[in-house]
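Take a look at the structure below.
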Amino acid sequence: MTTLISQRIALHGLPCKQAQDLSGNITLSADVVVVGSGAGGAVVAYELAAAGRKVVILEAGPYVPSEKFREDLAFGFEQLYQDQGGQVNNSGDLNVLQGACVGGSTVVNGTVCFRTPDFILADWQRDHGLTNLTPEALAPYFEKAERNLTIHDNAEHEINANSRTVIRGCEKLGVSWKPLKRNVKDCGLTGFCLSGCPTDRKQSMLVTYLPWALSHGAELYADTRVTKVLAEGGEARGVLAEVIDPKTRQKKADLRVDAKVVVMAAGAVQTPLVLADSGLCNGSGQLGRNFACHPSTGVLAKFPHEVRMWQGALLGVHIDEWLHPDKGGFLLEVGGAGPAEISMFADPGLGDEYDRFMKDA
């Protein structure tokens with residue numbers, strides 16, 4: 001069935017309602033309304049729809065089919081990212097890249113898939129009382145997701161010259177490294193994961209859990225930003241949303257979904273904002289606090305021989321020598337990007353200095 005669904009989507013696209021299809025005041029009813037179509041929302045939507053529940057999925061971002069993806073990060077930022085890739089904290093020193101499209105961040109990420117480390121689960125059990133989240137209890141769920149999304153260790157042919165350079169350094173120093181696990185099927189090794197995968201090799205929600213959920217009767221609305229969670233007697237009863245034309249930024253419709261269950265899966269940044277606007281979930285004063293992310297920085301090196309870091313898998317191996325908090329608590333991933341993309345994150349200088357940088361790249 002999965003193959004047939006994929007073929008139908010390749011020909012006709014996802015059966016998704018968009019701003020161009022909607023107007024006026026719309027009221028829907030469902031067993032479950034899922035806010036967000038990324039890794040969290042799509043999986044929940046599929047599992048509930050497959051169990052026979054009536055599910056409505058609301059996505060604030062646009063529906064951009066894979067055939068429209070270009071191996072061009074500027075296009076990706078403009079069409080697929082929150083704030084066109086410019087989402088930052090108040091001080092402007094932390095850029096939070098987040099997908100804003102049907103499929104969410106899974107459409108634009110680098111495909112790396114780690115299981116939650118055992119020491120993190122231990123922290124959650126100790127600090128937050130989540131005693132049921134043990135490695136043994138979660139193993140079947142990890143295994144199911146890994147099967148469904150073709151998550152595997154990078155094979156020999158998927159590890160490019162950039163990663164091999166780092167591997168040689170690790171082996172000389174006696175430092176532990178491992179292949180990264182990625183959710184890719186028959187990777188084309190073009191290295192442009194951050195712009196969306198035009199050949200559907202990346203097993204994002206756009207080509208996996210979302211079409212599977214729709215095949216079980218779930219409904220998907222794009223361009224639909226939830227503005228408020230409706231609650232009564234301390235229980236969520238549905239949501240209010242606005243349908244916004246992605247080209248004109250004008251409102252096309254007001255949409256209401258009455259549902260027995262509301263699943264907030266709009267990410268760690270957007271979900272607290274919606275709940276705050278709804279006047280919900282802040283009895284503890286913790287709403288929006290304790291945000292955690294993985295800030296990263298890049299290290300570039302110049303070699304006497306040619307290393308085309310943009311050819312092959314975007315991310316090949318990782319160095320886990322210092323991953324445990326007792327050893328430092330940081331991870332090194334070996335990744336690459338094209339010369340133009342590198343210049344966005346590095347400091348290549350101006351004029352002649354920039355020209356030399358690009359020639360060296």
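Basis for what follows: all heavy atoms, side chains included, without hydrogens, waters or symmetry-related copies.
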Could you walk me through whether Asp31 and Lys260 pass the salt bridge (charged side-chain N to carboxylate O under 4.0 Å, His left out) check?
CA-CA 5 Å; Asp31 296 320; Lys260 301 171 185 174; 3.6 Å; yes
Using the side-chain hydrogen bond (donor to acceptor under 3.5 Å, both in side chains) rule, take Asp258 and Ser29 through it: C-alpha gap first, then chi angles, then the decisive distance, then the call.
CA-CA 5 Å; Asp258 295 314; Ser29 62; over 6 Å; no
Evaluate the criterion side-chain contact (heavy atoms from CB on, under 4.5 Å) for residue pair Leu133 and Leu138; output intermediate values, then yes/no.
CA-CA 6 Å; Leu133 297 184; Leu138 291 175; 3.9 Å; yes
Hey, mind stepping through Tyr46 and Val55 against side-chain contact (heavy atoms from CB on, under 4.5 Å) and telling me if it holds?
CA-CA 9 Å; Tyr46 163 68; Val55 177; over 6 Å; no
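When the side chains of ILVMFWY residues are joined at heavy-atom separations under 4.5 Å, either directly or via intervening members, Phe192 and Val307 end up in two distinct hydrophobic clusters. Hydrophobic clustering of Ile, Leu, Val, Met, Phe, Trp and Tyr side chains at less than 4.5 Å, counting indirect connections, unites Val262 with Leu28.
Checking Tyr209 against Asn148 by side-chain atom types alone, a donor-acceptor pair falls below 3.5 Å. Side-chain atoms of Asp72 and Ser195 include no donor-acceptor pair closer than 3.5 Å. No side-chain N or O of Gln82 forms a donor-acceptor pair with one of Gln87 less than 3.5 Å apart.
Exactly one residue among Lys252, Arg256, Lys251 makes a salt bridge (Lys or Arg N to Asp or Glu O under 4.0 Å) with Asp254. That residue is Lys251.
For the salt bridge (charged side-chain N to carboxylate O under 4.0 Å, His left out) condition, the pairs that include at least one residue of residues 295-318, sequence neighbours left out, are Lys302-Asp360, Glu306-Arg308. The stretch residues 291-314 participates, sequence neighbours left out, in these ring pair (Phe, Tyr, Trp, His ring centres under 6.0 Å) pairs: Phe303-His305.
Note that SG of Cys113 and CZ of Arg182 are 9.5 Å apart. Values are rounded to the nearest 0.5 Å. Distance CZ/Arg201 to OG1/Thr150: 12.5 Å, rounded to 0.5 Å. Note that CG of Asp277 is 10.0 Å distant from NZ of Lys228, once rounded to the nearest 0.5 Å. Note that CG of Leu22 and CD1 of Ile244 are 11.5 Å apart. Values are rounded to the nearest 0.5 Å. Ser163 OG to Leu314 CG: the interatomic distance, rounded to the nearest 0.5 Å, is 9.5 Å. Atom CZ of Phe114 is separated from atom CG of Leu323 by 7.5 Å, given to the nearest 0.5 angstrom.
A salt bridge is defined here as a Lys NZ or Arg NE, NH1 or NH2 lying under 4.0 Å from an Asp or Glu carboxylate O, and Asp355 with Lys359 meets this definition.
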Can you give me every donor-acceptor pair (side chain of residues 166-177, partner residue at least two apart or in another chain, under 3.5 Å) with its distance?
{"residue": "Arg168", "atom": "NH2", "partner": "Thr165", "partner atom": "OG1", "Å": "3.4"}
{"residue": "Ser176", "atom": "OG", "partner": "Asp320", "partner atom": "OD1", "Å": "2.6"}

Under 3.5 Å donor-acceptor pairs involving side-chain atoms of residues 34-42, not counting sequence neighbours:
{"residue": "Ser37", "atom": "OG", "partner": "Glu59", "partner atom": "OE1", "Å": "2.7"}
{"residue": "Ser37", "atom": "OG", "partner": "Gly103", "partner atom": "N", "Å": "3.0"}

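By the side chain to side chain donor-acceptor pair (under 3.5 Å) test, Asp153 is found to be paired with Lys181, residues two or more places apart in sequence or in another chain being considered. Every residue two or more places apart in sequence or in another chain that forms a salt bridge (charged side-chain N to carboxylate O under 4.0 Å, His left out) with Glu47 is listed here: Lys144.
Ring geometry, Trp322 versus Phe330: the interplanar angle falls under 30°, so the pair is classed parallel (tilted spans 30 to 60°).
The main-chain N or O of Gln311 is found under 3.5 Å from a side-chain atom of Asn160 such that the two form a donor-acceptor pair.
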